[in-house]
Structure formats: C-alpha cells, structure tokens
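Each remark here refers to the structure printed beneath this line.
Basis for what follows: all heavy atoms, side chains included, without hydrogens, waters or symmetry-related copies.
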Number of protein chains: 2
Amino acid sequence: MAATMKDIARVTGLGLATISKYLNGGTVRPKNKKLIENAVRDLRFVPNEFARSLKTSQSRTVGVVIPELGNQFITSIITSMEDILRKHDYAVIVCDCRTDAKREKDAVTFLVHKRVDGLISMPTDTTGAHLQPALDAGIPIVLVDRMLKSLNGLVSAVVVDNVDAAEKATRFLLQSGHDEIGLILGNEGIYTTQKRREGYLNAYAEFHCKPREELIRFSDYTMDGGYAAMKALLAQKTQPTAVFVTNFEMTLGAMLALNEAQLKVPDQISFIGFDKLDLFGAVFPNLTLVKQPQNAIGECVAKQLLRLLTDASSGPLHQIITLSTQLNEGSSTRIIQKPQ
Amino acid sequence: MAATMKDIARVTGLGLATISKYLNGGTVRPKNKKLIENAVRDLRFVPNEFARSLKTSQSRTVGVVIPELGNQFITSIITSMEDILRKHDYAVIVCDCRTDAKREKDAVTFLVHKRVDGLISMPTDTTGAHLQPALDAGIPIVLVDRMLKSLNGLVSAVVVDNVDAAEKATRFLLQSGHDEIGLILGNEGIYTTQKRREGYLNAYAEFHCKPREELIRFSDYTMDGGYAAMKALLAQKTQPTAVFVTNFEMTLGAMLALNEAQLKVPDQISFIGFDKLDLFGAVFPNLTLVKQPQNAIGECVAKQLLRLLTDASSGPLHQIITLSTQLNEGSSTRIIQKPQ
DNA sequence: CTCCATTTACGTAACGTTTCGCTATTGAAC
DNA sequence: GTTCAATAGCGAAACGTTACGTAAATGGAG
C-alpha cells in the first residue's frame with residue numbers, strides 16, 4: 001500500500017542507497033534531487049519509522065514518569081518540555097504512576113521495553129530503585145524537581161534552589177517582625193522537603209534564633225495533608241503569627257483550613273504559599289508566594305536530555321542544574337510589632 | 001549486546017520459529033518450554049519492539065491530541081485512559097496543541113508519521129480538518145468530549161449528554177423560582193457550547209417562557225473569559241438572579257468576578273458551576289455543580305479504542321457513546337420568591 | 001510393532017531501512 | 001583531450017522479528 005524507498009528507487013531509476021542518502025540530508029546531484037523530490041511527492045512517501053528504528057536502534061521517543069498528572073506544577077513543566085522535544089522530533093510517552101512505588105517501577109520497565117531513547121523521572125521515593133532497569137539498559141535519565149543522591153553521577157537533574165527559596169520566604173517574614181512562623185513541609189524523606197526545611201532554619205539562624213520544633217509540620221504534599229497540618233498548627237496553645245506552606249496542593253488545603261477557622265489573612269495571620277499557577281489568581285488573589293520557574297524547568301529538562309541524546313561528548317555527561325525561585329510579594333503578609 | 005531470539009535458539013538448540021511461537025503464546029512441548037524459559041531468564045532476553053513493529057506494522061502506541069494539558073478536566077480523563085491503555089501494553093503519546101489549529105494539525109501529522117495505532121482527539125475546532133492525515137492513513141480515531149458531525153461514521157466519539165446536563169441545571173434554577181438565569185457558554189462554534197445552550201433553552205421551554213437574549217453570553221472556556229462574561233452579566237440593568245456557567249475554568253473566573261463585586265452566594269445570586277474537581281472542594285466548598293464523569297469518559301475512550309484496535313469485526317465499527325452527568329446540589333443556590 | 005492422525009518444530013523469506021566498501025562519474029587543470 | 005582528485009551512486013548485507021508451508025515427532029489404536 002504505502003510507498004517505500006524501493007518504489008522511489010524504481011521510479012527514479014536510482015539506487016536504494018542514494019535515496020537513503022538524500023533522505024538523511026546527504027548531497028545528491030541536483031538533477032537527482034529533483035527526481036527524488038518529485039517521486040516522494042507523487043507516491044506520498046513517508047519513511048517507515050519501524051524499519052528506521054530497527055536499523056538505528058533509536059525510537060526518537062522519550063518516556064516521562066510522574067507521580068500525578070492532575071498536579072498543575074507537573075503538567076506545566078511537561079507542557080513546555082513536550083513542546084521542545086516534539087520540535088526535535090521526539091515523541092513523549094507519559095506514564096502517571098499515581099505516587100505508587102509499584103506503578104512507578106512498572107512504568108520504567110514498560111518504557112525500557114518500549115525502548116525509549118531517554119527517560120525523565122520525578123521520583124516518588126528517595127532511593128531511585130525504580131530506575132535500575134533504565135540504568136542497566138544505558139538509557140539516559142534526567143530527574144526533575146528531586147535529586148537522588150544515590151544516583152549522583154549516573155543521572156542528570158534539574159531542580160530549583162529550594163534552600164534559597166525557603167530562606168527568602170522565611171527571611172521576609174522574620175524581617176516583618178514575625179518570629180513564630182509555622183512551616184508546612186512534604187514527606188520527611190523527600191529531597192525538596194529536606195532542602196526547604198534547611199532554608200527555613202538558615203533564615204532563623206541569620207536572625208540568631210531558633211524556631212520552636214512544633215512549628216515545623218511534616219505532611220505529604222496533598223491538599224488534605226496541607227489542611228490537616230494547618231489545623232494542627234492552629235490547635236497549638238501558641239499560634240503562629242505567620243505560616244509558610246511549601247507546595248501548591250498544601251497551600252490550597254492550608255488556606256481552606258484558615259478560611260474555616262475564620263482567620264483573616266493577613267490581619268490575623270500572615271501567609272506565604274508556593275507555586276504561582278493561574279488558578280491562584282482567581283481564588284486567592286494577591287497571595288504572597290514562592291514562584292518556581294516551571295517553564296524554565298521544562299525547557300531545561302528537555303535541553304538537558306537532548307544533549308545526552310545527541311552529543312554525548314561535550315562536557316561532563318551528567319549535570320545537576322539548579323534554577324532559582326522568586327518571592328512574589330502579594331498582600332497576604334503584614335508587618336507586625338513584636339510584643340516585647 | 002542484548003540477546004536476540006537467535007541467541008535463545010542457539011542456546012536451546014531449537015529453531016527460531018519455535019521461539020517465536022512460544023513468545024507469542026503458542027504451545028510448545030513442556031520440555032522445550034522450560035528450556036526456553038531458562039534461556040530467556042539467563043540471557044535477560046527482551047523482544048525487540050522495533051523488529052516486531054516492522055513485521056507486524058503495529059507500534060502498540062496511541063496518540064492523544066488535546067488543547068491544554070493544564071486543564072484539569074482533560075488531565076483527569078487522560079489519567080484513567082492511560083491507565084487502561086498501558087495495562088493493555090499500549091503507550092500513550094501526549095501532544096498538547098495549546099488550542100492552536102496549526103499545532104493541532106502538526107501534532108496529528110507527527111503522530112501519523114510515528115505510526116501510532118490509534119488516535120484520540122479533543123478537537124479545538126468544529127471542522128476536524130486536522131484529522132485528515134490520520135483518516136487517510138486508516139488510523140482509528142476516537143473523539144473525546146466533542147463530536148464533529150462532518151466525521152460521522154468515520155470516527156468514534158465519547159461525549160456526555162450536554163443537553164440533559166444544561167437542562168437539569170437550568171430546570172433546577174427555574175424550579176427554585178429564578179427566571180432571570182444568566183448562561184455563560186464557550187466559543188459559539190463548539191459542539192459542547194451548542195448542546196449546552198440547547199439544554200438551557202429546553203428547560204425554559206418546559207416552563208413556557210423564554211430567556212432574554214442578553215442573558216446568554218458566549219465566551220471561550222477560559223478563566224479570563226468567564227470572568228469577563230460574568231462582569232458583563234452583572235453590568236446589565238436587569239441583573240440575573242442566578243447564573244449557570246458551563247465549564248471549570250469559566251466557573252473559577254465567574255466566581256472571581258462575583259467575589260470582586262462583593263455579591264454573596266447564594267444570598268444575592270444563585271450559582272451553578274461545572275465540573276467537579278478536587279480543587280473546588282478547597283476553594284468554593286459546596287458549590288452546586290454539574291458533574292461530568294471524567295473517569296468513566298477516560299475508561300470509555302480507552303475501551304472504545306481498544307475495540308477498534310483489536311476485534312475490528314464486532315458490531316458497527318464506529319459508535320457515538322453518550323454518558324450522563326449529575327447535578328451535585330451544594331449550597332450555592334437558593335429558592336426565591338418571584339416578585340410578582 | 002506399525003500405521004496414521006495430530007501436534008509441534010523448523011527453514012526461509014519477508015518487513016523497509018541504513019551503511020560499508022567500492023565503482024562510476026564529474027569537471028577543473030594541464 | 002587526458003589525467004586525477006573529489007564527489008555521487010550502487011549492490012548487498014545486515015537489524016530482529018513473524019509467518020508460511022512443510023517436515024518431523026508423538027502416541028493411541030489396531
């Protein structure tokens with residue numbers, strides 16, 4: 001049915017190898033070039049990717065394993081990533097593992113079997129064990145948002161400067177006179193959790209003081225988790241005068257808890273959230289929040305992977321790239337007089 | 001490097017065809033079965049999908065073309081769809097076309113060249129012109145959420161009963177005594193827009209009356225669009241006593257406009273939104289809204305495509321499947337005494 | 001122990017590319 | 001009109017499967 005290179009060869013009277021050369025950007029005599037171009041058009045020839053893949057061992061396909069497609073932070077990264085990769089003729093296979101270790105492992109195996117050329121992973125655990133099959137197969141890997149120290153040197157990663165992000169937010173609150181700053185973090189074992197905690201403590205250290213332990217709540221990066229953590233903070237005898245929440249979903253949950261408790265922001269409590277997404281504009285206008293550069297992250301991941309996929313020579317193979325965040329000042333924080 | 005079937009044949013002393021037969025579920029003598037299984041394990045044999053695809057002309061891959069990955073309604077459909085397809089060993093290539101006709105067309109061409117076995121499309125226009133390359137290539141297509149009448153019989157589709165959905169919502173408001181019900185729709189040319197408008201008018205007809213034309217606002221299914229449309233409704237001399245907004249993003253935008261106008265829901269205005277997503281739970285608890293069965297849609301799409309991909313015989317090839325919606329009563333509407 | 005109907009095994013030819021190692025062609029310089 | 005680099009073109013052998021058509025092995029019946 002569909003035309004093959006053989007047909008082109010027959011029609012043009014040229015050899016198979018010549019057609020192949022032309023199609024792959026090689027130079028052929030102008031006369032033959034015309035000949036081939038006409039035949040390609042007339043026969044509606046489209047190269048068979050299967051045969052090409054078989055010969056070259058490349059699928060021009062990359063796999064993406066993420067914990068949750070419903071997460072806007074993630075989809076906004078994927079959008080810009082996919083855009084770039086597709087421009088370079090790479091297809092993106094998305095696997096949602098629903099924050100489940102088994103599904104995550106299965107997804108990687110699935111993708112390795114599909115013979116993707118590269119893998120992008122936002123790991124749900126801290127070991128990175130699920131990546132072993134890809135590592136064994138020699139498939140280049142780029143981690144997103146979360147490092148896995150055990151895989152240092154074996155994979156690339158694109159993360160944000162989490163320490164700095166948390167430091168900036170916390171410092172901002174401290175400078176405004178707050179000293180009882182609640183901190184709502186994700187799961188204790190996760191990279192971003194640890195870094196953000198570190199930044200928070202650094203800021204306190206700058207001000208030569210230490211936060212009460214009870215101000216730091218580990219949660220799980222979900223809306224419900226954020227809600228519960230905020231409730232717990234409010235239930236304490238000494239309520240915090242400000243709260244810093246460290247991801248999008250928990251920010252929503254925490255705000256819900258504040259609304260329920262009828263606490264006015266910023267009059268009764270100051271608030272800094274995380275991740276600037278369109279949505280916030282609608283529901284909580286003017287929240288002060290830490291803005292991660294999702295587009296830049298997506299682009300960076302795509303470019304990093306393309307580099308690994310093409311010139312495997314230039315520079316050190318694997319890199320850790322750290323992007324910086326911004327503190328977007330809204331009107332959800334206020335300056336207080338510290339009662340002395 | 002990697003083991004091939006030839007290696008298995010050599011190690012076991014069996015023929016190539018026998019190995020192939022076993023791998024494809026054929027019966028071999030128990031003794032040979034053991035032999036092969038051992039060899040497969042020892043050599044870590046994994047079938048080469050490239051070669052397989054070349055022979056069978058199947059990629060075991062499906063393409064998905066959507067207008068916007070950031071849209072939660074869409075991602076929730078994709079999540080359940082991808083789950084099922086992957087279980088059947090199909091990879092899902094996602095192409096976000098950003099509601100852009102050119103990108104949409106390019107995406108389809110890209111996927112056809114990648115030789116996907118099937119295509120899932122949520123069309124951004126009403127012509128379906130972008131699907132031509134897939135149609136030409138004989139690739140089965142399943143439309144999601146939006147029908148294209150011009151393609152009737154050529155593609156399958158999974159939609160919800162939009163007429164009924166709008167009818168229920170509007171009827172509910174009419175029964176509560178409202179007769180000035182604002183309606184915020186999407187782009188005028190789109191399938192869902194037309195159907196939802198139809199349902200709204202049907203409900204009015206049941207009550208033997210007609211809405212004022214100015215109550216019906218066409219917008220564009222974006223948050224900003226919803227915001228503007230709501231503003232426009234509120235700017236009219238006769239303000240509606242209730243509003244029905246017909247998608248998720250516009251619901252957010254409309255609520256924002258209400259908040260800004262300091263209108264209390266439902267005391268000053270009754271409100272029915274669209275699409276029940278986790279998020280609403282947090283930001284506008286207890287909104288009355290039309291709930292579309294995203295999971296069921298995703299499942300249905302996946303199953304429909306799998307049917308087209310496998311037993312191409314059973315039943316009529318292409319089907320239009322209509323799922324029903326639910327009206328989730330919250331507390332954003334109230335019964336009013338119609339001033340007589 | 002033979003025979004025959006069933007199973008199971010196998011050799012081989014595709015599938016449509018890319019690439020290696022040559023040979024043929026080209027055209028500028030003499 | 002030769003000669004010689006340089007450039008283009010070519011034949012054929014892979015890549016690793018599947019599937020067709022036939023050949024061989026099996027084992028119950030006679």
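- With contacts defined as side-chain heavy-atom distances shorter than 4.5 Å, the pair M122(B)/V65(B) does not qualify.
- Nucleic acid contact for L23(B): none, since no nucleic acid atom lies under 4.0 Å from a heavy atom of the residue.
- Contact check for N38(B) versus R41(B): side-chain heavy atoms found under the 4.5 Å cut-off.
- Residues from residues 29-45 of chain B that place a heavy atom under 4.0 Å from any atom of DNA chain C, listed by number: R29(B), N32(B).
- Within 4.0 Å of T4(B), counting heavy atoms only, lie sugar-phosphate atoms of the nucleic acid but no base atom.
- In this structure, a donor-acceptor pair under 3.5 Å is absent between the side chains of N295(A) and E299(A).
- A donor and an acceptor atom, one from each side chain of Y221(A) and T99(A), are nowhere located under 3.5 Å apart.
- T27(A) comes within contact range of the sugar-phosphate backbone alone, with a heavy-atom separation under 4.0 Å but no base atom that close.
- Between I93(A) and I93(B) the shortest side-chain heavy-atom distance falls below 4.5 Å.
- In this structure, CD1 of I8(A) is placed 17 Å from C1' of dC10(D), rounded to the nearest angstrom.
- Between the P atom of dA25(D) and the CG atom of L14(B) lies a distance of 13 Å, rounded to the nearest Å.
- Using modelled atom types, no side-chain atom of R146(A) and backbone atom of T126(A) make a donor-acceptor pair closer than 3.5 Å.
- Rounded to an integer number of Å, the gap from CG of L16(A) to C1' of dA14(D) is 13 Å.
- A salt bridge does not link K34(B) to E37(B): none of the charged side-chain nitrogens sits closer than 4.0 Å to a carboxylate oxygen.
- For the helix from dC1(C)-dG30(D) to dC30(C)-dG1(D), the angle separating the two terminal helix axes comes to 40°, with each axis derived from five pairs and the value rounded to 10°.
- The shortest side-chain heavy-atom distance between Q292(A) and D145(A) falls under the 4.5 Å cut-off.
- Positionally, the nearest nucleotide of DNA chain C for A17(B) lies more toward the 5' end than for the other of M5(A) and A17(B).
- The base of dT18(D) sits with one of its N or O atoms less than 3.5 Å from a complementary donor or acceptor on the side chain of K55(B).
- Not a single donor-acceptor pair under 3.5 Å links the side chain of D117(B) to the backbone N or O of V62(B).
- Counting heavy atoms from C-beta on, the side chains of T56(B) and F50(A) never come closer than 4.5 Å.
- Closest to the side chain of L54(B), out of dG16(D), dT17(D), dA8(D), is dG16(D).
- Separating the OH atom of Y22(A) from the C1' atom of dT7(D) is a distance of 18 Å, rounded to the nearest angstrom.
- Among the heavy atoms of the strands, none lies under 4.0 Å from S53(B).
- For the pair D106(B) and R103(B), the salt-bridge criterion is not met [side-chain N within less than 4.0 Å of a carboxylate O].
- Between T18(A) and dC10(D), a side-chain N or O to OP1/OP2 separation shorter than 4.0 Å is present.
- Put simply, chain A comes within 4.0 Å of DNA chain C, heavy atom to any atom, from dG16(C) to dT26(C), going 5' to 3'.
- Side-chain contact between P123(A) and H130(A): present, with at least one pair of heavy atoms (C-beta onward) separated by less than 4.5 Å.
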